[in-house]
Amino acid sequence: MNIPHKKEFLVDAYGRTIKSLRISITDRCNLNCIYCHNEGSKCSSGEMSVETISNIVHIAADFGVNSLKITGGEPLLRGDLEEMLASFPPLKDVSLTTNGVLLRDRAHSLKAAGLNRVNISLDSLNEENYRRITKSGNGIFRKVINGIYAAVDVGLTPVKINMVLLKDVNECEIEDMLSFTRQFHGKVILQLIQLMDFKDSSRYDVDINKIERELEFKAEFVKLRELHKRKKYYINGVEVELVRPVDNTEFCANCNRLRVTADGKLRPCLLVSNNLVDVSHASLEEMPDLFRLAIKSRVPFYRK
Ligand code: SAM
């Protein structure tokens with residue numbers, strides 16, 4: 001048995017200590033976004049049981065991970081998510097990224113089961129545009145908006161709205177999104193995400209430097225987050241975070257995240273797929289060494 005010592009952290013060869021775990025619990029999704037990277041998965045061979053997911057989270061916590069993000073596919077397609085949440089050890093931050101379609105009716109039970117907050121993907125406030133981006137049908141947009149209100153109501157806050165910036169599709173909507181966010185008086189944060197080209201979607205690439213200059217111009221002040229050295233802008237009562245991963249050496253140098261695929265593989269980097277470490281059938285005793293192995297192959301994708 002090789003259980004982590006109380007003070008053992010996962011530190012890679014570049015001095016980056018793993019503090020955050022991003023775990024995909026399904027590859028299934030109820031939307032079909034035109035740009036989606038599906039967390040780097042091509043469609044995996046199965047889903048982990050609650051027990052396996054819980055074991056992974058316990059081991060990560062033993063290694064000092066204090067922040068957990070649950071993702072997918074669409075994580076709310078799993079009816080056992082509440083059971084999963086209730087099985088986790090205490091962590092500083094447990095969050096979920098969801099498209100929000102099924103959120104309204106689950107917000108309360110998720111909060112009760114231990115979820116702290118949610119990120120909700122909303123790329124457009126224009127219903128027709130939303131349908132085009134997500135390839136969804138009538139009524140879905142309204143469900144997402146209701147999901148946002150429900151999340152705020154039950155205190156899954158701060159709610160982050162994830163907006164992937166798409167040239168000629170939604171980049172002109174940032175101001176509308178700021179106004180929408182402002183009504184929540186600080187309980188909602190707008191997160192603007194640079195597109196990563198996984199689906200031959202480079203035609204949607206925005207001029208991210210221009211966006212950054214505009215945010216800087218509008219902001220009363222700017223802060224830096226520890227994770228990825230992301231910039232946070234404070235614009236007339238709204239907090240706006242810019243996620244700028246592409247060609248960004250600072251982003252990688254400050255990445256403290258380990259990923260887990262829906263079929264139970266530790267994934268050291270979203271952009272690399274040849275160094276996955278399978279923990280899906282590992283016992284609690286075997287897992288720590290597999291975590292250590294995964295960390296050994298962790299290299300910043302963009303580096304100087
Ligand atoms: N279905 C959930 C959702 O919509 O949030 C979780 C999975 S989704 C893959 C997680 C996040 O990744 C979403 O905020 C989505 O906008 C973002 N995302 C997906 N593909 C992306 C891409 N090519 N570039 C940047 N962000 C992307």
Side-chain angles (χ1 to χ4, degrees), residues 20-44 47 68-78 81 94-103 106-107 110 115 117-125 129-136 140-141 143-145 147-148 151 156 159-167 169-171 173-174 177 188-206 208 211 227-228 230 240-248 251 255 257 259-262 267 269-271 273 301-302:
S20 120
L21 193 75
R22 184 175 176 106
I23 189 162
S24 173
I25 60 168
T26 181
D27 276 341
R28 291 175 290 134
C29 195
N30 46 358
L31 296 181
N32 186 12
C33 300
I34 52 176
Y35 57 79
C36 186
H37 56 40
N38 198 21
E39 304 292 338
S41 171
K42 294 266 182 297
C43 194
S44 64
E47 287 173 8
L68 175 70
K69 165 81 82 249
I70 300 164
T71 182
E74 174 46 44
L76 294 185
L77 289 179
R78 281 193 67 157
L81 180 52
V94 180
S95 65
L96 170 82
T97 172
T98 171
N99 57 34
V101 176
L102 301 171
L103 185 58
R106 299 277 291 279
L110 291 168
L115 187 69
R117 59 184 184 88
V118 282
N119 286 29
I120 302 172
S121 298
L122 179 66
D123 296 319
S124 177
L125 285 168
N129 214 12
Y130 179 85
R131 279 166 43 183
R132 179 179 152 210
I133 297 168
T134 56
K135 299 195 204 148
S136 59
I140 298 296
F141 172 77
K143 287 187 177 182
V144 178
I145 299 293
I148 294 174
L156 287 170
V159 170
K160 285 193 187 181
I161 293 181
N162 282 0
M163 177 187 190
V164 176
L165 297 170
L166 304 166
K167 184 177 171 189
V169 178
N170 68 356
E171 92 186 286
E173 286 194 50
I174 295 177
M177 206 59 99
V188 177
I189 293 171
L190 178 60
Q191 183 157 260
L192 302 175
I193 306 176
Q194 181 182 23
L195 176 71
M196 302 171 83
D197 187 10
F198 275 75
K199 272 195 172 173
D200 197 17
S201 51
S202 56
R203 65 186 174 285
Y204 298 127
D205 280 348
V206 297
I208 199 75
I211 303 271
L227 174 68
H228 300 142
R230 297 176 183 189
V240 184
E241 189 166 326
L242 183 66
V243 185
R244 200 190 157 157
V246 182
D247 288 328
N248 189 344
F251 187 93
C255 178
R257 177 172 275 177
R259 294 169 173 268
V260 188
T261 65
R267 181 174 192 139
C269 173
L270 172 63
L271 297 169
S273 49
F301 187 79
Y302 299 112

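Note that ligands are numbered from 1 as they come in the structure, with each ligand's atoms numbered from 1 the same way.
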Look at ligand 1 and say whether R22 reaches it with a heavy atom at a distance under 4.0 Å. yes
For ligand 1, the portion of L31 having any non-hydrogen atom under 4.0 Å away: neither
Measuring from N32:CG to S136:OG, what's the distance to the nearest 0.5 Å? 10.0 Å
Give the residue and atom name of whichever protein heavy atom lies nearest to atom 14 (O) of ligand 1, and the separation in Å to one decimal. N162 ND2, 2.8 Å
Could you tell me which atoms of ligand 1, counted from 1 in the order shown, lie closer than 4.0 angstrom to a heavy atom of G72? 6 (C), 7 (C)
Mutual orientation of the aromatic rings belonging to F251 and H228 [parallel < 30°, tilted 30-60°, perpendicular > 60°]: parallel
Polar-atom distance check: N38 versus ligand 1, any N or O pair below 3.5 Å? no
Taking atom OG of S202 and atom NZ of K167, what is their separation to the nearest 0.5 Å? 9.5 Å
Heavy-atom closest pair, residues S24 and G72: OG-CA, 3.5 Å
Identify the residue among T26, T97, T98 that makes a side-chain hydrogen bond (donor to acceptor under 3.5 Å, both in side chains) with E74. T98
With rounding to the nearest 0.5 angstrom, report the CD to CD1 distance, Q191 to I120. 12.0 Å
Under a 4.0 Å threshold between the charged nitrogen and the carboxylate oxygen, would R22 count as salt-bridged to E39? yes
Quick check: does T71 get an N/O under 3.5 Å from an N/O on ligand 1? no
Which heavy atom of the protein is the closest neighbour of atom 1 (N) of ligand 1, given with residue, atom name and distance? G73 O, 2.9 Å
If you measure from each heavy atom of G100 to ligand 1, is any distance below 4.0 Å? no
CG of L96 to CG of L68, rounded to nearest 0.5 Å, is 9.5 Å
Applying a heavy-atom cut-off of 4.0 Å, say which part of K199 lies close to ligand 1: side chain, backbone, both or neither. neither
Top protein contact for atom 25 (C) of ligand 1, by heavy-atom distance: Q194 O, 3.5 Å
Have a look at ligand 1 and work out which part of T97, if any, has a heavy atom under 4.0 Å from it: side chain, backbone, both or neither. both
How long is the span from the CD1 atom in I193 to the CZ atom in R244, to the nearest 0.5 Å? 14.5 Å
Using a 4.0 Å heavy-atom threshold (strictly under), name the region of N99 that reaches ligand 1: side chain, backbone, both or neither. both
Measuring from the heavy atoms of M163, does anything fall under 4.0 Å of ligand 1? no
If I compare all heavy atoms of L190 with all of M163, which pair ends up nearest, and what's the gap? CD1-CB, 4.4 Å
Please state which part of L195 comes within less than 4.0 Å of ligand 1, counting heavy atoms only: side chain, backbone, both or neither. both
Quick test: of every protein heavy atom, which one is nearest to atom 21 (C) of ligand 1, and how far off is it to 0.1 Å? H37 CD2, 3.1 Å
Just verifying a value: how many Å separate C36 SG and K199 NZ, rounded to the nearest 0.5 Å? 6.0 Å
Among all the protein's non-hydrogen atoms, which is closest to atom 3 (C) of ligand 1, and how far away is it? S121 OG, 3.3 Å
Going by the order shown, which atoms of ligand 1 are within less than 4.0 Å of some heavy atom of E74? 1 (N), 2 (C)
Enumerate the atoms of ligand 1 whose separation from the nearest heavy atom of I193 is less than 4.0 angstrom. 25 (C), 26 (N)
Please list the nearest protein heavy atom to atom 9 (C) of ligand 1 with its residue and the distance rounded to 0.1 Å. E39 OE2, 3.5 Å
Contact summary for I34 and R132, nearest pair of heavy atoms: CG2-O, 3.8 Å
Considering only the protein, which heavy-atom contact is closest to atom 24 (N) of ligand 1, and what is its distance? M196 N, 2.9 Å
